[in-house]
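Take a look at the structure set out below.
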Amino acid sequence: MTPPNLAMLKKLLIVTVTMFAFGFALIPFYKKICEVTGINNLLQPDTLTKDAQINTGRSVTVELDANVHKLPWKFRPLKSSVQIHPGELVQVMYEIRNDSNYETTGQAIPSYAPKLLSLHLKKLECFCFSKQVLKPHEVRQMPVQFVIESELPTDINTVTLSYTFFEINSASASEGENKLVKI
Amino acid sequence: MAAVHHPDHGHGHEHEHHGAPSGIMRWMTTTNHKDIGTLYLWFSFMMFLTGGVMALTIRAELFQPGLQLVEPEFFNQLTTLHGLVMVFGAIMPAFVGFANWQIPMMIGAPDMAFARMNNWSFWLLPPAALLLIGSFFVPGGAAAGGWTLYPPLSTQMGMGMDMTIFAVHIMGASSIMGSINIVTTVLNMRAPGMTMMKMPLFVWTWLITAYLLIAVMPVLAGAVTMLLTDRHFGTNFFNAAGGGDPVMFQHIFWFFGHPEVYIMILPAFGIVSQIIPVFARKPLFGYSSMVYATSSIAILSFVVWAHHMFTVGMPVSAQLFFMYATMLIAVPTGVKVFNWTATMWQGSMTFEAPMLFAIGFIFLFTLGGFSGIVLAIVPVDIQLQETYYVIAHFHYVLVSGSLFALFGGTYYWLPKWTGHMYDETLAKTHFWLSMIFFNVTFFVQHFLGLAGMPRRTPDYALQFADFNQISSIGAFGFGLSQLLFLYVILKCIRGGEKATNQVWEGADTLEFTLPSPPPYHSFETPPIVK
């Protein structure tokens, strides 16, 4: 290995290591882009852009669904479905109960059906905007406030709003306070 | 393999290497660029046959609707491993094999810059291949989520996925070491007088490819490392429940994946740029524009990745940006196709096998380029995403592009490597069989895709039956034709008409000043390039 070759080897190894780090740096970079452009705001409240016109002539059935993934919790909506009018501000209640003898933390991830609903569903308040910490055997009722815009295509008469609670590592659970306890 | 090849390089160097290992250890410990090139080429050919058998199993299952031969789970493992084996096992090592054999001889260097690292970069590959193939036999089978390893499937599968991730790490390390070697060799070890703008285009395209590899392979390594820690160490890079995002993987993967596409085609451009002028008996038209076009393709390849994922949900402005940037790549590519055609214009052409493959390459690669432009159009792509149209497109650029260039390059340099002319009639037969069966296999897949047949599925609706049958027949024809290729190579290694130093009338690069076959150590005294 001649000295010029060795120098070149060092340079190229630095490039390699830098690019490996760059791959990881893409993660915060993309998160920032999603935050700025509002692409991935499942966990942030929507704002209503215009005065909602309530369309009382039309009813939509909202079916409420609740699932738990690998958590010792019971999770259910208080009503399994509600009839609403497009444009109307609706509040529905969910209940979670920790069946275990230890404190656990979960995060709810929403899912909508049909997919088109995600364009016309505006959530003003939701327990999914923050993580939920439950003490042993604690029971909590939590609201979701939403508006389904009148622009929802008229051939859709039934929609499903589904939440699944996932466990969050207990290490990260203690940070941050739970803003929804007050409600 | 050693037994077959030993006679070629074995004679004439024993006296230079007293006590050098013989038999298998000669190949395990070799630091000679020609030996390592040979190892790379045989390895990639074996992987090509392995991936080919997987492809034929896929096509056999798709011969008629319904499930006949394999379970759907196994079918998904086959499509996944076919992609991984062909990309990382066949095409890429084959080009590195060409680089090892040719670059030192073409720039007048005695060997590669880091000869021991060169040995190491090859011998990493067989363990990686064993991991990939071995993953079929572990509980749960091989990775089955597609060669792109998208989560959430890839974060859920069994240990086959861990073996795949590890194999990708090893192959990535091998590629990076190979690339460092190539960049250093080309930049530091050129013969006196061989300025950058006098380098043969094959060397230029490989230099640019090596830079691309060094830039993006670490990103892929990062992406699969994140998959691994998500799977086993409780991180949540791609796990939505833990605040991660599966779409993020697609962004990181394709930040690697799109330059990877050019990694697999730029050396092919280089090979074709060597072949066409020789058989047209004219200098290459627009040499410097070729260099600049290759560089622009490489730079543009970093800003088009999201065209692989138009449907994941991105703002229209982003879709438009990636659409126009993608279409922009057609400009430098068009320059290259124009230059190849202009080189042939009014040349006194002959049509030996390398030239046939080069012309076949220009025809079919351009066709694949056009279907690429169709797919770049956002509204069309939303329709054609995940259909057989995409399969047809990338097989036109990878099989009739990269692979045809590899065939052409093999026939072009085989007389130099072995010292014997290959059997021209059989080689031409190999070309025509490949050409015809390739199109029978893949042209109809455009129609299947336009009609909406989804990819990665073992069963399909009845209306797709006829085209699938045609495609399967073509695939078996194409696969069997490659046995002829193997026969031609073996026949050429064993003997044949003695090749001259120049081999081809009109060949004027440095390797054709050496004897055929070249001595084990060539250009120990650098040639002077005027």
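These values consider heavy atoms only, across backbone and side chains, with no hydrogens, waters or symmetry-generated copies. Protein chains get the first letters and strands the later ones, always in sequence-line order, with residue 1 at the start of each.
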Side chain / backbone / both / neither for B:Met189 at chain A, heavy atoms under 4.5 Å
side chain
Under 4.5 Å heavy-atom distance to chain A, tell me which part of B:Ile180 shows up: side chain, backbone, both or neither.
both
Between A:Tyr30 and B:His251, is the ring centre distance below 6.0 Å?
yes
Sort B:Thr185 into side chain, backbone, both or neither according to what part of it lies under 4.5 angstrom from a heavy atom of chain A.
neither
d(A:Leu9 CG, A:Lys11 NZ) to nearest 0.5 Å is 11.0 Å
Which portion of B:Leu220 sits near chain A, non-hydrogen atoms under 4.5 angstrom
neither
Which atoms of B:Phe255 come close to chain A, meaning under 4.5 Å heavy atom to heavy atom: side chain ones, backbone ones, both, or neither?
side chain
Contacting region of B:Met117 [heavy-atom separation from chain A under 4.5 Å]:
side chain
What part of A:Phe24 lies closer than 4.5 angstrom to a heavy atom of chain B: side chain, backbone, both or neither?
both
Check for me whether the distance between the ring centres of B:Phe114 and B:Trp120 falls short of 6.0 Å.
no
Part of B:Ala223 lying under 4.5 Å from any heavy atom of chain A:
neither
Which one, B:Ala215, B:Ser179, B:Ala115, leads in non-hydrogen pairs under 4.5 Å with chain A?
B:Ala215
